[in-house]
Amino acid sequence: MNIVPTKHLDRAIVHQFFTNHWGSPQMVVSTGIYNCSELDGFAAVENGQRIVGLITFVIRGNECEVISLDSIMENRGVGSALLHEAETWARQQGCTTVQLITTNDNLHALRFYQKRGYQIIGVFPNAVDKARQVKPSIPLMSPDGIPIRDELLLVKSLV
């Protein structure tokens with residue numbers, strides 16, 4: 001597995017990755033509407049061009065916001081390697097914090113990020129209802145029966 005900047009990949013391949021795993025490359029969160037296939041990021045690539053994981057982010061001043069993190073190979077270090085690469089890049093760009101938003105139902109993500117030093121610092125009640133106005137394909141319920149309604153803001157200090 002190699003970690004490469006997404007700008008070195010064919011954008012059509014990146015777009016297809018998001019379409020296959022999220023239904024579209026569009027991500028709607030409280031901080032904005034993003035086309036993940038056009039954002040800066042890193043991909044975990046196997047066998048030349050096969051993407052097995054991808055992280056995207058935006059940098060605003062001294063803050064990096066992770067917009068998406070996906071791994072198609074769970075518990076093999078792909079997500080950890082991508083997050084580490086993004087945090088290293090953010091430090092090099094002068095960022096002092098990394099933040100991200102996930103939904104209340106995403107228990108896997110909450111465990112993952114907290115184990116890596118992220119803290120929940122904010123809750124946006126019913127924020128997903130607003131996101132559904134833009135992206136109606138966001139499900140009402142997680143596969144394990146948790147209503148998807150709130151966004152959680154997690155932050156990690158890089159200093």
Glu151 side-chain N/O to Ser30 backbone N/O, donor-acceptor pair under 3.5 Å = yes
Single-linkage hydrophobic cluster Leu152~Ile146, side-chain heavy atoms < 4.5 angstrom | yes
CZ (Phe42) and NZ (Lys7) are apart, to the nearest 0.5 Å, by 8.0 Å
Taking every heavy atom of Ala131 against every heavy atom of Ile138, the minimum-distance pair comes out as CB-CD1, 3.7 Å
What closest approach, in Å, do Lys156 and Gly117 show between heavy atoms, and which atom pair accounts for it?
-> CG-O, 3.8 Å
Separation between CD (Gln99) and OG1 (Thr31), nearest 0.5 Å, reads 6.5 Å
How would you list, by chain and number, every residue that makes a side chain to side chain donor-acceptor pair (under 3.5 Å) with Arg76, sequence neighbours excluded?
-> none
Separation of Leu140 CG from Asp105 CG (nearest 0.5 Å) = 11.5 Å
One should read off an interatomic distance between Met27 CE and Lys135 NZ, to the nearest 0.5 angstrom, of 6.0 Å
Set of side chain to side chain donor-acceptor pair (under 3.5 Å) partners for Gln16, sequence neighbours left out | Asn20
Using atom types as modelled and distance alone, determine if a side-chain donor or acceptor of Ser37 lies under 3.5 Å from a backbone N or O of His15.
-> no
Criterion side-chain contact (heavy atoms from CB on, under 4.5 Å) on Val28 and Gln26, from CA distance to verdict = CA-CA 7 Å; Val28 181; Gln26 186 181 54; 4.0 Å; yes
Nearest non-hydrogen partners of Thr102 and Ala109, listed with the distance | OG1-CB, 3.9 Å
Could I get the full list of side chain to side chain contact (heavy atoms under 4.5 Å, CB included) partners for Pro136, not counting sequence neighbours?
-> none
Quick one: which of Leu39, Leu9, Thr56 gives a side-chain contact (heavy atoms from CB on, under 4.5 Å) with Val14?
-> Leu9
Asp40: side chain to side chain donor-acceptor pair (under 3.5 Å) partners, not counting sequence neighbours | none
Which residues satisfy the side chain to side chain contact (heavy atoms under 4.5 Å, CB included) test with Ile72, sequence neighbours excluded?
-> Phe17, His21, Arg50, Val52
Contacts table for residues 118-130: side-chain donor-acceptor under 3.5 angstrom, sequence neighbours left out:
| unit_1 | atom_1 | unit_2 | atom_2 | d |
| --- | --- | --- | --- | --- |
| Tyr118 | OH | Glu87 | OE2 | 2.6 |
| Asp129 | OD1 | Arg132 | NH1 | 3.0 |

Pro147: side chain to side chain contact (heavy atoms under 4.5 Å, CB included) partners, not counting sequence neighbours = Met141, Arg149
Let me know which of Leu100, Ile101, Val58, Leu154 forms a side-chain contact (heavy atoms from CB on, under 4.5 Å) with Val66.
-> Leu100
Pairs satisfying salt bridge (Lys or Arg N to Asp or Glu O under 4.0 Å), at least one member in residues 64-74, at least two apart | Arg60-Glu65
Spell out, yes or no, whether Leu110 and Leu83 are grouped together once hydrophobic residues are joined by side-chain heavy atoms under 4.5 Å, including indirect joins.
-> yes
Salt bridge (charged side-chain N to carboxylate O under 4.0 Å, His left out) filter on Glu38, not counting sequence neighbours, yields none
Residues Phe57 and Gly41: closest non-hydrogen pair is CE2-CA, 3.5 Å
Applying salt bridge (charged side-chain N to carboxylate O under 4.0 Å, His left out) to Asp150 and not counting sequence neighbours gives none
Would you name the heavy atoms of Asn62 and Gly94 that are closest together and state the gap between them?
-> CB-O, 3.7 Å
Side chain to side chain contact (heavy atoms under 4.5 Å, CB included) involving Ala90 - partner list, sequence neighbours excluded | Cys64, Cys95, Val98, Leu158
Linking I/L/V/M/F/W/Y whenever any side-chain heavy atoms sit under 4.5 Å apart, do Leu54 and Met73 land together?
-> yes
By side chain to side chain donor-acceptor pair (under 3.5 Å), Arg91 pairs with (sequence neighbours left out) none
Can you list the steps and then say if Trp22 with Cys36 is a side-chain contact (heavy atoms from CB on, under 4.5 Å)?
-> CA-CA 10 Å; Trp22 288 96; Cys36 291; over 6 Å; no
Minimum heavy-atom distance between Leu82 and Ala44, given as atom pair plus value | CD2-N, 3.7 Å
